[in-house]
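Numbered from 1 within each chain, the chains take letters A, B, ... in sequence-line order.
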2 protein chains.
Amino acid sequence: MLKISELSAKVGLSAHTLRFYEKNGLVNASVRSESGYRYYNDADVKRVEFVKSARNIGFSLDDISTLLSIRVDKQSHSCQEVTDITQNKLDEVNSKIAELQSMQKILQILLDSCCGGPENAIHCSIMEALEDHEIQSPHEGVS
Amino acid sequence: MLKISELSAKVGLSAHTLRFYEKNGLVNASVRSESGYRYYNDADVKRVEFVKSARNIGFSLDDISTLLSIRVDKQSHSCQEVTDITQNKLDEVNSKIAELQSMQKILQILLDSCCGGPENAIHCSIMEALEDHEIQSPHEGVS
DNA sequence: GTTGACCTTAGACTTAACTCTAAAGTTTAT
DNA sequence: ATAAACTTTAGAGTTAAGTCTAAGGTCAAC
Ligand SMILES: [Zn+2]
Ligand SMILES: [Zn+2]
Ligand SMILES: [Zn+2]
Ligand SMILES: [Zn+2]
């Protein structure tokens, strides 16, 4: 049975974060001492590690809650439920990547167009590009 | 001279946002009526449009403040200052893309490994992967 | 028997960029 | 002259996932 700081050291999440996760219903210590100290057993540790893996992939705490509820009763849940969560996350990641790549592309064009030197910025092509109306939000461009 | 709702309609930023930008020192109306109404002249409109272009590329309001201070006195600033801001932003974007691509890769592997069907999740390979310790945070992996 | 390290809670703070509300004053149209 | 639409301000709320603080209780060692 681990105390909170021992669990913290073991899994690499701060005691604060572990208490925060508990407050949000993700993980709790199976045992509390008379004085209120948290004690985590092996199953608790595994659950925390599951949360950490899911978090490392990028799942939100909400997603993780759902995954945990599947985890405690796998018989009542299907692979499809799991892939749905995973696919939604992948879609989200892909759309963020697309947005960032559109920024990346514009930023690279701007950098390529500017001399980057010590001369004054009166004819700076980056400043000129920002004056023009050619730059659209990556969200607005539907095509 | 445009009132705030007219400017809002013209540039596609809400009146709330325009006031918020003013509070943060980005843009203000050159003229105020006796009763306090904001009136924006052509130069104000151009400044707002500059802000919007910069925001569309992904620059933070802090970056935009700096770009605006260069804009009002281009003679005292160099192309290098402008490219520094731009390059920093590009670096940031690139590192976010890398992080997301690492998530994308793992999510895709997980999806490929799971049948996604209606059967129960007892042997679900996604759940199994989350139980294992093989999933690292994209931030921790330095190599 | 006291020092120091640890634990508890509730609740405030952080970041960024908005977004909204309330209460009041102004302008425009009929 | 009155209703509708617009504007003003200060300030609170939103989001996610923590992060930190204060004030107090507990445990181990010396
Ligand atoms: Zn230049
Ligand atoms: Zn330049
Ligand atoms: Zn399956
Ligand atoms: Zn499966």
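- A donor-acceptor contact closer than 3.5 angstrom is absent between the side chains of B:Glu92 and B:Asn88.
- Considering CD of A:Gln80 and SG of B:Cys124, their distance stands at 11.5 Å, rounded to 0.5 Å.
- Using a cut-off of 4.0 Å between Lys/Arg side-chain N and Asp/Glu carboxylate O, B:Arg32 and B:Glu22 are scored as salt-bridged.
- Computed from coordinates, the A:Leu2 CG to C:dC6 P distance equals 15 Å when rounded to whole Å.
- Annotation: of the two residues near DNA chain C, B:Lys3 and A:Arg19, the 5′-most nearest-nucleotide partner is A:Arg19.
- Using a 4.0 Å cut-off between a side-chain N of Lys or Arg and a carboxylate O of Asp or Glu, A:Lys10 and A:Glu49 do not qualify as a salt bridge.
- Using a 4.5 Å cut-off between side-chain heavy atoms of Ile, Leu, Val, Met, Phe, Trp and Tyr, A:Tyr39 falls into a hydrophobic cluster with A:Met1, A:Val31, A:Tyr37.
- In this structure, CD1 of B:Ile4 is placed 17 Å from P of C:dT26, rounded to the nearest angstrom.
- The shortest side-chain heavy-atom distance between B:Val82 and B:His77 does not fall under the 4.5 Å cut-off.
- B:Asp42 CG: 12 or fewer foreign heavy atoms inside a 6.0 Å radius.
- With a heavy-atom cut-off of 4.0 Å to chain B, the contacted part of DNA chain D has its first and last nucleotide at D:dC6 to D:dT9.
- Put simply, CZ on B:Arg38 is 16 Å from C1' on C:dT27, counting in whole angstrom units.
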- [ ] List the protein contact pattern of nucleotides 13-25 of chain C with one symbol per nucleotide (5' to 3'): B for base contact, S for sugar-phosphate-only contact, - for none; contact means a heavy-atom distance under 4.0 Å.
- [x] ----BBBBB---B
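- Between C:dC7 and A:Ser5, a contact under 4.0 Å exists linking OP1 or OP2 to a side-chain N or O.
- Counting heavy atoms of neighbouring residues, nucleotides and ligands inside a 6.0 Å radius, atom CD of B:Gln75 does not exceed 12 of them.
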